Amino acid sequence: MAIIDESLAVFSAQGMNLLPWGAAIGASLAAAICDIRTTRIPNLLTGPAAGLGLLYAAYRGGWPGLGESAAACLLVPLPYVVLFLLGQGGAGDAKLMGALGAWLGIADGLIVLCSVAAVGAVFALLRVLAHPQRGTLCRNLASSMYL
C-alpha cells in the first residue's frame with residue numbers, strides 16, 4: 001500500500017489530488033473524440049471510467065468516500081437523464097457525466113456540470129447568431145418563452 005500511496009502522491013499539488021481531475025479530463029477527451037467520429041459515446045468508455053472512479057473513491061475514502069462517489073455518480077447526470085428522456089440528448093452524455101461524478105464527487109461534479117451547461121449555452125447562442133435565418137429563430141424563441 002505504501003508504494004501505491006507514494007505513486008499517487010506524484011499527482012498531488014498543494015493538497016489537491018490531481019488524479020481525479022486527470023481521469024475526468026482524459027475520459028472527456030476520449031469521449032469527445034468518439035462522439036465526433038461516431039456520434040456515440042461507448043459504454044466501453046463510460047463503464048470502466050465510472051467503475052474506476054468508484055474504486056478510487058473507496059480506496060481514498062473508505063465507505064464514506066465510496067458513498068459520496070456513488071451519490072455523485074447518480075446526481076450529477078440527472079439533467080442529462082432528463083434530456084435523454086425528453087429525446088433531446090443521448091444516453092452516452094448522461095453516462096459520461098455519471099462517470100465524471102464518480103471521479104470528482106458531488107461538489108466538483110456540480111462545478112463541471114455548471115461549466116458544461118455554460119459552454120453549451122454559449123455555443124447555442126453562437127449557432128443561432130451564425131444561422132442565416134437568425135431573425136426568425138429569435139422571434140420563435142421569444143414567442144415560445146412568452147407563452
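Owing to the predicted nature of the structure, the values given are computational and were not obtained by experimental measurement.
Of all non-hydrogen atoms in Pro79 and Leu113, the two that sit nearest each other are CG-CD2, 3.8 Å. The two residues Ala50 and Ala99 make their nearest non-hydrogen contact at N-CB, 3.7 Å. The two residues Pro64 and Gly61 have their closest heavy-atom pair at CD-O, 3.3 Å. Nearest heavy atom pair, residue Ala72 against residue Gly101, reads CB-O, 3.2 Å. Contact detail for Ala31 and Ile41: the closest heavy-atom pair is CB-CG2, 3.9 Å.
Here the CG-OG distance, from Leu74 to Ser69, works out to 9.5 Å after rounding to the nearest 0.5 Å. Taking CH2 of Trp103 as the start and CG of Leu52 as the end, the distance is 6.0 Å to the nearest 0.5 Å. Atoms CG and CG, on Leu100 and Asp108 in that order, are 11.0 Å from each other to the nearest 0.5 Å. Leu104 CG to Ile25 CD1: the interatomic distance, rounded to the nearest 0.5 Å, is 9.0 Å. Remark: Glu68 CD to Leu75 CG distance equals 10.0 Å, nearest 0.5 Å. Of the inter-residue distances, the one linking Tyr56 atom OH with Leu66 atom CG reads 14.0 Å to the nearest 0.5 angstrom.
Hydrophobic clustering (ILVMFWY, side-chain heavy atoms < 4.5 Å, transitive): Phe84 and Val116 are in distinct clusters. There is a path of hydrophobic side-chain contacts, each under 4.5 Å, that joins Ile106 to Trp21. Residues Leu96 and Leu29 are members of separate hydrophobic clusters, defined by side-chain heavy-atom contacts under 4.5 angstrom among Ile, Leu, Val, Met, Phe, Trp and Tyr. Both Trp63 and Leu54 are assigned to one and the same hydrophobic cluster, defined by single-linkage of ILVMFWY side chains at heavy-atom distances under 4.5 Å. Met97 and Leu78 fall within a single hydrophobic cluster, where Ile, Leu, Val, Met, Phe, Trp and Tyr are joined by side-chain heavy atoms under 4.5 Å apart, directly or via other members.
Taking a 6.0 Å sphere around CG of Leu125, one finds it holds more than 12 heavy atoms contributed by other residues, nucleotides or ligands.
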